[in-house]
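Here the structure is laid out as structure tokens; the discussion comes afterwards.
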There are 2 protein chains.
Amino acid sequence: MNNLTLKHLRYFEALTRHGHFGRAADACAISQPALSMQIKELEELLGTKLFERSARKVRLTGFGEDLALKVRAIMHSVDELENMARASHNRLTGRLRIGVIPTIAPYMLPQIVGNITRKHNNLDIYVHETLTPKLIQKLAEGWIDAAIVALPISEPSLVEVALFDENFVLVRPKEDAAKPVPNPEMLSEMKLLLLEDGHCFRDQALSFCNMNAAKPGELLDGSSLTTLVQMVAAGIGVTLIPEMAVAVETRSASVSIAQFNDPKPSRTIGMVWRKTNPLANQLLQISEIVKDAAEGLRKTSG
Amino acid sequence: MNNLTLKHLRYFEALTRHGHFGRAADACAISQPALSMQIKELEELLGTKLFERSARKVRLTGFGEDLALKVRAIMHSVDELENMARASHNRLTGRLRIGVIPTIAPYMLPQIVGNITRKHNNLDIYVHETLTPKLIQKLAEGWIDAAIVALPISEPSLVEVALFDENFVLVRPKEDAAKPVPNPEMLSEMKLLLLEDGHCFRDQALSFCNMNAAKPGELLDGSSLTTLVQMVAAGIGVTLIPEMAVAVETRSASVSIAQFNDPKPSRTIGMVWRKTNPLANQLLQISEIVKDAAEGLRKTSG
DNA sequence: TGCGGTGATAAGAAATAGTTATGAACAACT
DNA sequence: AGTTGTTCATAACTATTTCTTATCACCGCA
């Protein structure tokens, strides 16, 4: 049996402090023979005498003294381990890796990160911004803990919770501001500017117009909502953007915003994570924070 | 049951490495259920899930990952502990605190320290030079590990080993070189210069002359052999010094050295340490080194 | 839907750590 | 010197912990 245990070290440490088997044993809440045996075992394990037993004193040997220093350091580290665990108890600690789709990230991240760090102040947040399929993959592979995406995802290994719905609004050249709001059919006849393939928002917009990806030439791809809005300002066409993006994207562009008539186009944004992730409670908490952040955003921008 | 054990940490570490209960259990040479239970216990102990178990993968949680770093550090320290013990196995390590009487120290220490460090290169040597009673006290109180003194000490709690005998020689003014060597009786009639009270060498010299400490006025105290020799050179009297001191002490003094007739005065120098000191073997080794050092000194100076 | 692989659970066996009682060594005190 | 008290070691036994084998439940996959 070659196994060193923490018990050995604890008893050893107690004995170094008390210099007396009986009292050290008391301190460890065991009997004196038990301590004697453990110390003996430790000495055999290490192959060196650690204590010099004389009739009235128990003294460390030179090596024992060297050892005591290291042992104390180790025990300190172990305590730290336990404290660390206690501190993180039922709370998110360490590192939260979260993925966000590009049509949400720029508008919500500042709020989200702010609110999360406010509530979990010893949490490092890492954000990945990329397209939904990539997020799902990263999630499955364990590279991120959760993702904020448009629902549904319908991946059996993931849990999804809805956070909020967001409407899409029409962005058109400023001079069109007075024109009637087009309905889906009319929209599909207009020069529609959309995000390039892969963005879920593209599909959501197309679906509103009852279009599939096809019909080339009739729509133009942009790599970001900002680009799209700038193109609209330049009179190239019209586009849809999520309501949340309005404040940021139209601030410096001469475009007009129009709400659609009911049924308004919209999507549900939600958060997803692995079913197997044992931090479900904590992630649920996070999702609430994100929900609140969205709520706040809507209030200020609405 | 609040007790964290190294076993927990070892198993935890193995599982982080293998990401698979079965294989990790193999690596630990235990069965899979045993590992499962220990991990479960560890998680309960820390109050946090450390692993995310899905059907095909075992992944660390965020906190688990933080923990793994610290755990690895701890295990590294523990390994180091064991290595340290193994390295010092049956060898003196760390610190050797040795006491030496003043009539030996200046002549032998350079040799002794040199020889010891040559053989035990990771040994820090601390030397205390003081009178025998103080050395014995320091020894008993555990402030030093061994002492080099004149035997016998006859202290039941100490072991003593003889190292070598050293003769005393007469130191007298240069102009007396041709005179016959005095015998003890004659010596007691001469102006005898001796070390102050407390030095064992004083008593040893007196004993040779069949004198006790009494007879005031007939002898003069000096605080070191160097002082005594200088006083002899100044024609104040004669003195005895250990043979070993001749080379050093008479180098720059105009005195003459005379060997006594048999039976020559001498003393036995030995090393002593606590009976209870478990490093008896190692100290015996050290005593051999000291013996060799003395041998060497005699050769060069004889 | 059954199969292979995986982790959890249960019950009993093995190993470990603890207990009390006692012994041996030694210092301290008549 | 004999006695007493203190201290650590040893022995024999008991309690607890840890491990093993057998089995289950779950999930992804053909």
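Chain letters run A, B, ... following the sequence lines, proteins first and then strands; every chain starts at 1.
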What is the separation between atom [atom1] on [X] and atom [atom2] on [N], rounded to the nearest whole Å?
X: B:M37; N: C:dG12; atom1: CE; atom2: C1'; result: 12 Å
X: B:L6; N: C:dA17; atom1: CG; atom2: C1'; result: 16 Å
X: B:K49; N: C:dG7; atom1: NZ; atom2: C1'; result: 12 Å
X: A:L45; N: C:dT16; atom1: CG; atom2: P; result: 12 Å
X: B:R59; N: C:dT6; atom1: CZ; atom2: C1'; result: 15 Å
X: A:L42; N: C:dA17; atom1: CG; atom2: C1'; result: 15 Å
X: B:E41; N: C:dG7; atom1: CD; atom2: P; result: 19 Å
X: B:I39; N: D:dC19; atom1: CD1; atom2: P; result: 11 Å

Residue-phosphate contact under 4.0 Å: [X] side-chain N/O, [N] OP1/OP2:
X: B:K40; N: C:dT9; value: yes
X: B:R53; N: C:dT6; value: no
X: B:K57; N: C:dG7; value: no
X: B:Q38; N: D:dC19; value: yes

* Can you sort out which residues in residues 27-36 of chain A have a heavy atom within less than 4.0 Å of DNA chain D? Ascending by number, please. =>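 Listed by number, they are A:Q32, A:P33, A:S36.
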* Those residues of residues 8-26 of chain A lying under 4.0 Å from DNA chain C by at least one heavy atom ->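 Listed by number, they are A:Y11.
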* **Upstream residue (5' side of DNA chain D) when B:K7 and A:P156 are each assigned their closest nucleotide** =>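 The residue mapped nearer the 5' terminus is B:K7.
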* To do: Scan B:E129, B:R202, B:E166, B:R267 and name whichever one has a side-chain hydrogen bond (donor to acceptor under 3.5 Å, both in side chains) with B:T103.
  => B:R267
* Okay, side chain of B:H76, backbone of B:R72: is any donor-acceptor separation there less than 3.5 Å? ->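 Such a contact is absent between B:H76 side chain and B:R72 backbone.
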* To do: Could I get the full list of ring-ring contact (aromatic ring centres under 6.0 Å, His included) partners for B:F201, not counting sequence neighbours?
  => B:F168
* **Salt-bridge criterion met for A:E288 and A:K291 (N-O under 4.0 Å)** =>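 Judged by the 4.0 Å cut-off on N to carboxylate O distance, A:E288 and A:K291 do form a salt bridge.
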Quiz: residues 35-42 of chain A side-chain donor-acceptor pairs under 3.5 angstrom, not counting sequence neighbours:
unit_1: A:S36; atom_1: OG; unit_2: A:Q32; atom_2: NE2; d: 3.0
unit_1: A:Q38; atom_1: OE1; unit_2: A:H8; atom_2: NE2; d: 3.1
unit_1: A:E41; atom_1: OE2; unit_2: A:H8; atom_2: NE2; d: 3.1

* What's the spacing between A:T48 OG1 and A:L50 CG if we round to 0.5 Å? ->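 One gets 6.5 Å once the value is rounded to the nearest 0.5 Å.
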* side-chain contact (heavy atoms from CB on, under 4.5 Å) between A:I98 and A:I144, intermediate numbers included -> CA-CA 6 Å; A:I98 197 168; A:I144 58 179; over 6 Å; no
* Excluding sequence neighbours, so at least two apart, what forms side chain to side chain donor-acceptor pair (under 3.5 Å) with A:E43? ->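 Only A:R53 meet the side chain to side chain donor-acceptor pair (under 3.5 Å) criterion with A:E43.
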* To do: Please name all residues satisfying side chain to side chain donor-acceptor pair (under 3.5 Å) with A:E80, sequence neighbours left out, ordered by chain then number.
  =>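 In terms of side chain to side chain donor-acceptor pair (under 3.5 Å), with neighbours along the sequence ignored, A:E80 is linked to B:K70.
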